[in-house]
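In what follows, residues are counted from 1 in the order of the sequence shown.
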Amino acid sequence: MWGFLKRPIVVTADINLSLVALTGMGLLSRLWRLTYPRAVVFDEVYYGQYISFYMKRIFFLDDSGPPFGHMVLALGGYLGGFDGHFLWNRIGAEYSSNVPVWSLRLLPALAGALSVPMAYQIVLELHFSHCAAMGAALLMLIENALITQSRLMLLESVLIFFNLLAVLSYLKFFNCQKHSPFSLSWWFWLTLTGVACSCAVGIKYMGMFTYVLMLAVAAVHAWHLIGDQTLSNVGADVQCCMRQACVGQMGMSQGVCVFCHLLARAVALLVIPVVLYLLFFYVHLILLFRSGPHDQIMSSAFQASLEGGLARITQGQPLEVAFGSQVTLRNVFGKPVPCWLHSHQDTYPMIYENGRGSSHQQQVTCYPFKDVNNWWIVKDPGRHQLVVSSPPRPVRHGDMVQLVHGMTTRSLNTHDVAAPLSPHSQEVSCYIDYNISMPAQNLWRLEIVNRGSDADVWKTILSEVRFVHVNTSAVLKLSGAHLPDWGYRQLEIVGEKLSRGYHESMVWNVEEHRYGASQEQRERERELHSPAQVDVSRNLSFMARFLELQWRMLALRSDDSEHKYSSSPLEWVTLDTNIAYWLHPRTSAQIHLLGNIVIWISGSLALAIYALLSSWYLLRRRRNIHDLPQDAWPRWVLAGALCAGGWAVNYLPFFLMEKTLFLYHYLPALTFQILLLPVVLQHISDHLCRSQLQRSVFSALVVAWYSSACHVSHTLRPLTYGDKSLSPHELKALRWKDSWDILIRKH
């Protein structure tokens with residue numbers, strides 16, 4: 001039993017020294033002098049704000065993508081002990097001593113460094129030569145734009161890392177499928193593929209492009225798997241219960257075996273990514289529990305779930321709205337800005353500038369700030385009192401109500417008079433009795449949009465309601481137009497008569513609420529200024545908060561104004577543009593996002609060559625002429641599907657996007673081009689060079705080409721690292737294209 005103690009325990013390991021060397025060089029190129037420059041560089045000013053919010057646990061909303069990428073950057077700040085106290089207000093600002101620059105830039109740099117050995121492994125898993133794999137890794141190592149982007153507190157290098165990890169994991173899984181399905185390594189690589197895809201999407205929505213590609217490749221392989229007649233004859237070495245089922249040792253049919261394969265892929269590539277995506281938001285919302293500057297974009301219910309801000313104001317409000325309640329009504333749409341139903345003593349002009357007349361009634365608007373004139377009293381049309389009865393009588397779906405303005409005691413009214421800026425809609429006003437033939441029309445029917453039943457009670461914050469005018473069937477709506485100076489540039493409120501269907505501009509919710517107790521106007525005005533104190537808890541579920549946050553992120557449109565360094569996708573392929581990231585305040589040292597032009601042009605040529613060769617092979621195979629050996633063709637197709645396909649899905653969608661684009665958006669596509677480049681070169685050498693002499697000449701040309709890429713990388717090094725001040729003459733010499741914006745100081 002104890003015989004093993006009589007012999008030494010020996011552990012053997014295969015170490016790929018090439019992989020170790022590539023990893024070391026990748027780390028050196030990305031981590032060398034990582035804290036330089038100790039200043040805010042380009043989009044660090046953008047991401048740094050969100051890192052500070054994480055450190056302070058303050059809620060924020062960013063429409064650029066899910067929160068996982070921001071959390072990765074924030075993790076660097078947390079590991080470095082960053083307290084979040086730094087003013088991210090301008091590019092070039094010097095970092096204060098409390099900002100751990102090295103730690104903040106560490107994780108993107110590590111992701112960029114590890115992408116180098118991953119490129120090597122991907123080409124090997126595609127069953128190309130060691131030389132081709134080394135070529136792909138070395139191109140990733142010396143590409144200037146990839147170095148620059150990974151040395152800063154930016155997300156592209158992290159996105160590229162997970163893109164490549166997804167491809168590598170799937171290839172390892174695919175290769176395991178041939179000899180050991182349902183083994184431990186098979187499950188590991190399949191699961192890691194789904195995890196990497198989810199992380200890529202969680203970094204930026206651009207990660208969805210690679211995820212879709214992996215799903216497409218997996219679907220094609222699964223389709224071939226369904227027709228694989230040898231599937232039930234897998235070897236007798238059983239490694240797990242699932243594999244026992246598939247080899248028939250539990251009496252299961254080949255159909256069940258196929259089902260097991262498809263189910264495993266569905267769980268790993270669909271279920272796990274969805275669960276992880278939800279987990280990113282769950283952690284995000286757990287961490288950011290405090291009110292912040294982006295609260296007003298969210299609904300009142302969401303705001304009330306945060307600590308401070310609206311939660312502090314609304315804490316203790318009654319839940320059910322009753323007749324006599326004093327409320328503020330927030331428009332759910334929130335565009336062009338969040339605002340509240342508002343009125344003041346000013347009236348509409350008798351005659352508008354275009355010659356149309358008005359009712360000259362009291363103005364009703366939507367006001368984007370908290371104000372005492374936002375308060376309204378929900379009045380029972382059958383009673384004169386403006387207080388809540390005892391016990392309170394709640395307002396339900398379908399009830400008739402009058403909305404009385406708290407400070408002026410005039411009722412919300414609409415009639416057949418054109419609105420000031422929307423002549424096809426009705427004017428909404430607070431009724432003033434001028435003793436003329438214009439009677440009050442101030443009855444509204446309450447409709448709870450998100451009701452569970454027709455007997456639902458109107459609830460504070462939670463209920464989304466519409467007000468339908470009884471006389472005209474018009475719906476109270478925010479038009480979004482800004483009134484002229486006579487309306488203080490506030491937003492227009494109208495009665496929309498042609499209200500077919502649901503739109504958030506017609507929906508309102510109660511944000512602040514108290515039970516009115518004062519019948520006298522002076523006492524009521526004092527009451528409107530004082531907070532309520534009844535304690536009622538209202539917490540949204542995680543799924544409700546997730547769905548709202550996700551919708552806001554997708555619907556929110558950031559400022560898409562033209563930027564000095566914005567560019568079009570056509571300019572990326574030929575590197576006709578660059579971005580000046582940073583300029584030293586005193587010298588000419590500067591950092592640019594500028595690619596290695598030899599690699600970029602060569603990558604585009606390799607893509608064109610692959611497309612032409614594939615088209616030629618397909619045409620000839622149609623005539624039953626096979627130019628490639630039986631094992632070379634599927635390898636060529638798979639390499640094209642992943643590398644050329646990866647370039648296409650990460651590049652072509654930008655032609656359809658209506659947003660400000662920059663050169664760094666091309667970097668994920670570029671990495672797939674770099675992977676394809678040595679594949680094409682090896683293919684030419686192995687299958688198109690007919691003689692040994694041709695292969696030798698071609699190899700010499702490849703060496704010369706790679707030497708030129710290294711020379712370009714070294715020449716552009718001062719603009720990549722920004723650690724060397726160049727003279728105006730040297731800077732002009734680096735402007736190889738007129739479209740490159742190299743900064744030259746005028747002394």
Side-chain angles (χ1 to χ4, degrees), residues 299-300 321 325 327-343 348 358-359 361-368 374 376-381 395-405 410-431 438-452 454 456-483 487 490-511 555:
S299 70
S300 300
V321 178
S325 285
V327 300
T328 63
L329 293 166
R330 184 180 192 264
N331 190 266
V332 171
F333 191 43
K335 293 183 178 180
V337 291
C339 61
W340 293 261
L341 190 66
H342 177 93
S343 185
Y348 291 109
S358 78
S359 66
Q361 298 281 333
Q362 183 172 302
Q363 296 175 19
V364 173
T365 64
C366 206
Y367 189 51
N374 297 346
W376 299 81
I377 301 171
V378 182
K379 181 180 178 296
D380 182 354
V395 183
R396 300 182 182 275
H397 171 75
D399 283 352
M400 302 297 176
V401 300
Q402 291 174 314
L403 293 177
V404 179
H405 187 238
R410 292 191 173 117
S411 299
L412 189 71
N413 179 81
T414 187
H415 39 217
D416 193 18
V417 175
L421 301 180
S422 306
H424 298 292
S425 301
Q426 291 182 179
E427 175 194 87
V428 175
S429 62
C430 278
Y431 182 73
M438 186 178 288
Q441 299 183 39
N442 53 20
L443 286 179
W444 301 84
R445 184 176 68 254
L446 179 84
E447 292 184 356
I448 302 177
V449 176
N450 59 342
R451 64 186 180 276
D454 287 344
D456 268 13
V457 174
W458 185 8
K459 294 184 176 66
T460 306
I461 293 179
L462 303 179
S463 295
E464 297 181 349
V465 303
R466 298 198 312 171
F467 296 97
V468 182
H469 193 238
V470 173
N471 298 76
T472 64
S473 297
V475 180
L476 189 69
K477 176 184 176 182
L478 168 67
S479 76
H482 286 272
L483 295 170
Q490 296 173 18
L491 299 174
E492 181 190 41
I493 294 293
V494 300
E496 183 63 64
K497 290 185 287 188
L498 303 176
S499 56
R500 297 186 181 94
Y502 166 87
H503 192 271
E504 286 185 334
S505 61
M506 302 177 181
V507 181
W508 306 81
N509 71 271
V510 171
E511 189 167 270

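Residues meeting the side chain to side chain contact (heavy atoms under 4.5 Å, CB included) test with Arg451, sequence neighbours left out: His397, Ile448, Asp454, Asp456. When the side chain to side chain contact (heavy atoms under 4.5 Å, CB included) test is applied to Asp416, the partners found at least two apart in sequence or on another chain are Lys497.
The two residues Arg330 and Ser300 have their closest heavy-atom pair at CD-OG, 3.2 Å. Considering all non-hydrogen atoms of both residues, Ala474 and Gln426 come closest at CB-NE2, 3.7 Å. Here the closest heavy-atom approach between residue Val470 and residue Arg445 is recorded as CG2-N, 4.0 Å. Taking both residues in full, the closest heavy atoms of Val428 and Gly495 are given as CG2-N, 3.4 Å, listed atom of the first, atom of the second, then distance.
In this structure, the separation between CG on Asn509 and CG on Leu329 is 8.0 Å, given to the nearest 0.5 Å. Here the straight-line distance linking atom OG of Ser325 with atom NZ of Lys379 works out to 14.0 Å at 0.5 Å rounding. Atom-to-atom distance recorded for Gln490:CD and Cys339:SG is 9.5 Å, nearest 0.5 angstrom. Here the NZ-SG distance, from Lys477 to Cys366, works out to 13.0 Å after rounding to the nearest 0.5 Å. Taking CG of Leu443 as the start and CE of Met400 as the end, the distance is 7.5 Å to the nearest 0.5 Å. The structure places NE2 of His342 at 10.0 Å from SG of Cys430, a figure rounded to the nearest 0.5 Å.
Side chain to side chain, Glu511 and Trp340 meet the donor-acceptor criterion of an N or O pair below 3.5 Å. Under the 3.5 Å distance criterion, with hydrogens and angles disregarded, no donor-acceptor pair is assigned to the side chains of Asn450 and Glu464. Between the side chains of Gln362 and Ser429, not a single donor N or O lies within less than 3.5 Å of an accepting N or O.
Between the side chain of Ser359 and the backbone N or O of Gln361 there is at least one donor-acceptor pair closer than 3.5 Å. Under a 3.5 Å cut-off, the side chain of His469 and the backbone N or O of Val475 do not form any donor-acceptor pair. The backbone N or O of Glu427 sits less than 3.5 Å from a side-chain atom of Thr414, completing a donor-acceptor pair. A donor-acceptor contact shorter than 3.5 Å links the side chain of Glu492 to the backbone of Leu421. Listed for the His503 side chain is a donor-acceptor partner under 3.5 Å among the backbone atoms of Ser505.
Val510 places none of its side-chain heavy atoms less than 4.5 Å from the side chain of Ile461. Annotation: side chain of Val449 is not in contact with side chain of Val465 (no heavy-atom distance under 4.5 Å). You'll find the side chain of Ser479 stays beyond 4.5 Å of the side chain of Ile493, heavy atoms only. Within the 4.5 Å cutoff, side-chain heavy atoms of Val364 are placed close to those of Leu412. Tyr431 is not listed as a side-chain neighbour of Arg410, based on a closest heavy-atom distance of 4.5 Å or more. Two residues are said to be in side-chain contact when any heavy atoms from C-beta on lie closer than 4.5 Å; Asp380 and Val401 fail this criterion. Between Trp444 and Gln402, every side-chain heavy-atom pair lies at or beyond the 4.5 Å cut-off. Residues Asp399 and Trp458 form no side-chain contact, since every pair of their non-hydrogen atoms from C-beta on lies 4.5 Å or further apart.
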When you look at Leu478 and Leu491, which way does the side-chain contact (heavy atoms from CB on, under 4.5 Å) test go after all the steps?
CA-CA 7 Å; Leu478 168 67; Leu491 299 174; 3.7 Å; yes
Apply the test side-chain contact (heavy atoms from CB on, under 4.5 Å) to residues Val457 and Val395: give CA-CA distance (whole Å), side-chain angles for both, the deciding distance (0.1 Å), then the verdict.
CA-CA 6 Å; Val457 174; Val395 183; over 6 Å; no
Would Leu476 and Leu341 count as a side-chain contact (heavy atoms from CB on, under 4.5 Å) if you check the C-alpha gap in whole Å, the side-chain angles of each, and the deciding distance to 0.1 Å?
CA-CA 10 Å; Leu476 189 69; Leu341 190 66; 4.1 Å; yes
Kindly indicate, with the supporting measurements, whether the criterion side-chain contact (heavy atoms from CB on, under 4.5 Å) is fulfilled by Ser411 and Trp376.
CA-CA 9 Å; Ser411 299; Trp376 299 81; over 6 Å; no
